[in-house]
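Residue numbers start from 1 in every chain, and the chains themselves are labelled A, B, ... in the order their sequence lines are given, proteins ahead of strands.
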Amino acid sequence: MANKLVLIDGNSIAYRAFFALPLLSNEKGIHTNAIYGFTMILMRILEEEQPTHMLVAFDAGKTTFRHKTYGEYKGGRQKTPPELSEQFSFLRELLDAFNIKRYELENYEADDIIGTLARQAAKEDFEVKVISGDKDLTQLATEKITVDITKKGITDVDSYTPAFIEEKYGLNVNQIIDMKGLMGDSSDNIPGVPGVGEKTAIKLLKEFGTIETLLESIDKVSGKKLKEKLEENKEQAIMSKDLATIMTEAPIEVTVSDLLYEGYDTKNVIAIFKELSFNSLLDKLGESGEDVTEDLEEISFEVLEEIKEEHFANDNFLMVEVLDENYHKAEIQGIALVNEKGNYFIPTEAALKSDQFAAFASDLTKKKSVFDAKRAIVALKWQGIELNGIDFDFIIASYIVNPSETSTDLAEIARKKGYFQIETDEAVYGKGAKRSIPDQEIVAKHLVRKTFAMQEMKESFIHELKDNEQLKLFEELEMPLSLVLTEMEALGIQVDRNRLEDMGEDLSNKLVKIEEKIYELAGETFNINSPKQLGVILFEKLGLPTVKKTKTGYSTSADVLEKLAEKHEIIQQILHYRQLGKLKSTYIEGLLKVIHRDTNKIHTRFNQALTQTGRLSSIDPNLQNIPIRLEEGRKIREAFIPSKEDWIIFAADYSQIELRVLAHIANDEKLIEAFNENADIHTKTAMDVFHVSKEEVTSNMRRQAKAVNFGIVYGISDYGLSQSLGITRKDAKTFIDRYLESFPGVKAYMEESVMDAKDKGYVTTLLHRRRYLPEITSSNFNLRSFAERTAMNTPIQGSAADIIKKAMIDMAAKLEEENMQANLLLQVHDELVFEAPKDEIEKLKKIVPEVMEQAVDLKVPLKVDYSYGSTWYDAK
DNA sequence: AATAGTCAAA
DNA sequence: TAGCGGTTGACTATTT
């Protein structure tokens with residue numbers, strides 16, 4: 001079969017695709033329309049042309065040899081839109097995935113590369129196809145070379161052959177450059193001869209052949225004006241022709257034979273399609289993308305029954321496999337180690353009894369990269385092995401680069417990075433009831449694969465962190481924090497089991513009484529906890545008016561019931577029943593269930609890679625939502641006690657940290673002033689919004705101002721504010737507008753933040769945390785509005801999260817430095833909870849506020865309040 | 001096993 | 001013109 005070379009003008013096709021398609025974007029907010037269009041064209045060509053050789057040529061740099069001839073060449077061109085520029089790096093990745101060669105050459109344009117290669121290939125008897133959106137390329141057409149120029153859309157092309165050109169213009173191919181020289185080209189800023197367009201150019205060339213012969217016999221040109229113009233612009237015409245002429249002898253370093261195209265690797269293509277969210281193209285590949293792991297390459301490894309120093313290196317990739325979601329006191333399935341010495345699987349028993357392994361694990365100078373550092377450290381800690389020297393956690397790196405990546409499976413993260421030699425844990429171990437531990441050999445293979453994948457991905461993550469200016473955030477904030485959190489989780493918090501049980505007993509008695517009362521009022525017994533049954537009783541049997549409906553029936557939520565409280569005695573009882581029921585099931589029984597048998601401690605886990613704002617979350621149990629607002633619930637905190645006698649619980653919280661952060665990043669004079677004066681911020685807000693003096697602020701004004709401030713912190717809408725204040729949406733909107741008029745700096749910040757998100761696709765916090773907001777350009781009002789509020793809110797909440805994280809690290813260091821016994825136990829978003837011996841109280845009173853307030857330096861002071869007592873309840 | 005409704009916290 | 005209207009985790013009931 002004859003050789004066939006396809007040459008694509010990369011920049012030109014990308015431009016065409018970009019302008020032909022609406023702005024699409026993937027979940028990271030990277031625009032993808034140009035890449036998408038390019039891919040469609042690419043796939044069509046591969047199918048229709050079946051090329052044996054292929055190349056995509058790109059323009060390199062800003063200037064070319066043509067600029068020497070004519071400084072204004074391509075002058076006045078609109079800057080490439082940033083939405084397009086950002087797509088080029090992905091385009092290159094895409095071509096690599098397709099195994100298609102790409103090439104660019106300093107000083108030359110894509111045209112010249114294509115021209116040179118096209119001529120070479122034609123000489124070697126190739127059939128050549130050129131694809132571009134730029135008609136200049138048509139000058140290359142010969143019997144061997146066909147030039148496809150895209151028409152309006154992206155799928156339609158005109159195929160320029162010598163015959164087609166003859167028919168279209170009545171000129172031969174060689175005259176294309178003469179035509180261009182006469183006409184000029186506004187897009188390349190080639191001047192040509194003023195007043196000469198396509199029609200005149202063709203007419204002249206038909207008569208005279210070339211520009212040169214035309215200029216020699218200008219006398220014969222008919223038309224006085226035209227003659228004058230030609231006379232005046234002789235040199236310009238020659239130069240224009242020169243500029244338009246494609247260089248077919250560019251000093252390229254590739255030869256036609258280098259361009260061999262042997263098809264693409266579906267796996268790689270699927271990977272990049274997934275990264276770009278090209279779901280329809282994935283379908284086209286005939287792959288749902290699910291079963292791409294069928295034929296994994298074997299990775300050789302050694303099973304180490306005996307571990308020796310020769311197996312350890314200075315840089316290691318380590319996987320401590322713990323299948324139990326809750327890694328406290330959980331079983332370890334095995335350990336994999338990958339480093340320059342080799343790939344190893346270490347059976348758990350072998351590792352646990354090995355002094356050598358323990359020495360390696362605890363050695364700070366033996367650096368380890370892991371997936372889920374807290375899991376590895378805590379699991380080993382429960383087995384008596386100290387794990388130190390972890391300086392890279394992929395779960396955190398992935399989260400920092402993009403917090404919307406919340407996958408806890410290494411395979412999923414690897415696949416997003418285009419690495420496929422790995423299976424998901426679910427595929428290997430099964431899920432739910434079907435979860436089982438396969439033979440050690442299978443576990444070993446899987447672990448080594450996962451560990452090997454880490455090694456393959458590390459560079460790429462570091463590169464990405466650097467590009468995002470997030471390396472510091474990763475190395476100096478999140479990685480050290482994970483170690484602080486590990487200590488907190490492993491230490492746990494002491495709980496007074498008897499206190500909880502007594503409270504539970506008390507609640508049970510109360511609940512029985514309320515239950516009886518409810519049944520009496522309802523005239524029958526039913527399950528009060530069933531919204532469905534309760535709905536029937538309230539809205540059908542008792543005929544109360546329905547306020548709100550849910551998907552499945554009547555809403556019985558607290559805000560609905562509160563509106564009905566006047567109408568029937570039963571409502572109060574139900575609300576009270578709910579309140580106590582919540583305490584009993586979630587807090588009494590829930591907490592009792594997770595108390596560690598032997599120590600009476602609770603070990604929560606902090607999820608460090610989940611929230612979109614950078615906050616932590618707490619699970620199993622959630623210790624960040626222990627009741628406080630209502631006294632009955634607050635009592636639960638009496639059960640949280642110090643772990644030693646004569647110790648106390650010490651709690652410190654930031655006062656108004658989010659609003660202080662707002663004052664700082666918005667640089668709002670009035671807000672800054674309020675905080676510098678240490679004013680009551682809600683009262684101050686009320687004064688400014690209602691234009692009254694401090695004395696004139698009523699409690700209602702302050703309440704409303706507080707609600708607005710709350711809204712700012714949590715990014716609620718006018719609807720949200722109207723709900724919390726019980727006013728109309730319109731009034732709420734007016735209220736917000738007045739707030740923004742009162743704080744012009746805040747208003748400007750809000751607007752800039754949204755603009756910024758639209759412009760860059762993401763927002764950032766004080767310490768460079770990112771959140772991508774692709775939906776900010778959505779035409780869907782809801783999605784867009786949410787993204788806009790998020791753009792305003794995330795830098796505030798996220799920066800506050802950054803600050804307390806920094807404070808935690810500083811605090812841990814300070815306690816160590818001061819040789820104190822106090823322990824950090826919990827973080828509750830703006831609050832740190834410690835336990836400490838009584839005789840450290842005075843010192844804590846000094847250093848805790850000091851460290852927390854100095855965590856970062858803002859334009860306003862940070863303020864920390866603290867308290868302590870014999871239980872968490874008493875630390876108020 | 002998954003989903004819906006509810007409610008606790010910052 | 002509405003649209004839908006902060007997050008996270010855990011519980012119970014209910015459906016699949």
field: Electrostatic pair A:Asp874:A:Arg637 at N-O distance under 4.0 angstrom
entry: no

query: Within 45° of the axis and under 6.0 Å from the centre of the six-membered ring of A:Tyr654, does NZ or CZ of A:Arg660 qualify?
result: no

message: Under 4.0 Å, counting only non-hydrogen atoms across every strand here, what does A:Asn780 touch: a base, just sugar-phosphate, or nothing?
response: nothing

message: Any base atoms under 4.0 Å from A:Gln533, or only sugar-phosphate, or nothing? Heavy atoms, all strands.
response: sugar-phosphate

- prompt: Of all of residues 572-588 of chain A, which get a heavy atom below 4.0 angstrom from DNA chain C, listed by number?
  reply: A:Lys582, A:Ser585, A:Thr586

- prompt: Choosing from C:dA10, C:dT12, C:dG6, which nucleotide comes nearest the side chain of A:Ser717?
  reply: C:dG6

field: A:Lys551 NZ - B:dT6 C1' separation (whole Å)
entry: 14 Å

query: Hey, does A:Ser785 reach any base, or is it just sugar-phosphate, or nothing, if we go heavy atoms under 4.0 Å?
result: nothing

field: Any A:Thr790 side-chain N or O less than 4.0 Å from OP1/OP2 of C:dG6
entry: no

field: A:Phe781 aromatic ring stacked with six-membered ring of C:dG3, 5.5 Å and 30°
entry: yes

- prompt: So what does A:Asn793 hit on the nucleic acid, given a heavy-atom distance under 4.0 Å: a base, only sugar-phosphate, or nothing?
  reply: nothing

field: Among B:dA10, C:dA13, C:dG5, the nucleotide that comes nearest once only the side chain of A:Arg637 is considered
entry: B:dA10

- request: Tell me which nucleotide among B:dA2, B:dA10, C:dG9 gets nearest to the side chain of A:Leu610.
  value: C:dG9

- line: Of the candidates C:dG5, C:dC11, C:dG6, the side chain of A:Ile716 sits closest to C:dG6

Below 4.0 Å: OP1/OP2 of B:dG5 and any side-chain N or O of A:Thr550: yes

query: C:dG9 C1' sits how many Å from A:Asn326 CG, rounded?
result: 15 Å

task: Please state the P separation for the pair B:dA8 and C:dA2 - nearest whole angstrom.
output: 33 Å

- prompt: Would you say A:Ser557 reaches B:dG5's phosphate, i.e. side-chain N/O to OP1/OP2 under 4.0 Å?
  reply: no

query: How would you label the contact of A:Leu721 with the nucleic acid (heavy atoms, under 4.0 Å): base, sugar-phosphate, or nothing?
result: nothing

task: Could you tell me whether A:Glu489 and A:Arg375 make a salt bridge, using a distance below 4.0 angstrom between a side-chain N and a carboxylate O?
output: no

Inter-nucleotide C1' distance (C:dG5, B:dT3), Å rounded: 22 Å

task: To the nearest Å, give me how far apart CG (A:Asn709) and P (C:dG6) are.
output: 17 Å

- request: Let me know the distance between CD1 of A:Ile736 and C1' of C:dG5, rounded to the nearest Å.
  value: 11 Å

task: Give A:Ser722 one of three labels, base, sugar-phosphate or nothing, depending on what nucleic acid heavy atoms sit under 4.0 Å from its own.
output: nothing

- line: Of C:dG6, C:dG9, B:dA10, the nucleotide closest to the side chain of A:Arg789 is C:dG6

message: If we check side-chain contact (heavy atoms from CB on, under 4.5 Å) with A:Gln608, which of these qualifies: A:Ile395, A:Thr486, A:Leu616?
response: A:Leu616

message: Between the side chains of A:Glu426 and A:Arg435, is the shortest nitrogen-to-carboxylate-oxygen separation below 4.0 Å, so that they form an ion pair?
response: no

query: At under 4.0 Å between heavy atoms, what does A:Thr556 touch on the DNA or RNA strands: base, sugar-phosphate, or nothing?
result: sugar-phosphate

message: Please determine whether a side-chain nitrogen of the Lys or Arg among A:Asp737 and A:Lys733 lies less than 4.0 Å from a carboxylate oxygen of the Asp or Glu.
response: yes

message: Under 4.0 Å, heavy atoms only, any strand: does A:Asp620 hit a base, just the sugar-phosphate, or nothing?
response: sugar-phosphate

- request: From the options C:dG5, B:dA9, B:dA10, select the nucleotide whose nearest atom is closest to the side chain of A:Asp718.
  value: C:dG5

- request: Please measure how far the P atom in B:dC7 lies from the corresponding atom in C:dT1, and state the result in whole Å.
  value: 35 Å

message: As a test of reading the structure: which of C:dG5, B:dA8, C:dT14 is closest to the side chain of A:Lys532, going by heavy atoms?
response: C:dT14

message: With a 4.0 Å cut-off on N to O distance, would you call A:Arg499 and A:Glu638 a salt bridge?
response: yes

field: Phosphate OP1/OP2 of C:dA13: any A:Asn527 side-chain N/O under 4.0 Å
entry: yes

Base B:dA8 to side chain A:Arg629, donor-acceptor N/O within 3.5 Å cut-off: no

query: Of the options A:Glu589, A:Glu501, A:Glu515, A:Glu632, which is the one that meets A:Lys584 in a salt bridge (Lys or Arg N to Asp or Glu O under 4.0 Å)?
result: A:Glu589

message: What's the closest nucleotide to the side chain of A:Ile628 if the choices are B:dA9, B:dT6, C:dT8?
response: B:dA9

task: Figure out the NZ/C1' separation between A:Lys733 and C:dC4, and round it to whole Å.
output: 15 Å

message: What is the separation between atom CG on A:Leu783 and atom P on C:dG6, rounded to the nearest whole Å?
response: 13 Å

- request: Just call it for A:Gln612: base, sugar-phosphate, or nothing, with non-hydrogen atoms closer than 4.0 Å on any strand.
  value: sugar-phosphate

message: Closer than 4.0 angstrom, basic N to acidic O: yes or no for A:Asp680 and A:Arg702?
response: yes

message: Nearest to the A:Pro531 side chain among B:dG5, B:dA8, B:dA10, which nucleotide is it?
response: B:dG5

statement: Whole-Å distance, A:Ile619 CD1 to B:dA9 P, equals 20 Å

message: Base, sugar-phosphate or nothing for A:Gly720? Non-hydrogen atoms, less than 4.0 Å.
response: nothing

- prompt: Atom CE of A:Met792 and atom C1' of C:dT7: how far apart are they, to the nearest Å?
  reply: 17 Å

Presence of salt bridge, A:Arg615 and A:Glu658, under 4.0 angstrom: yes

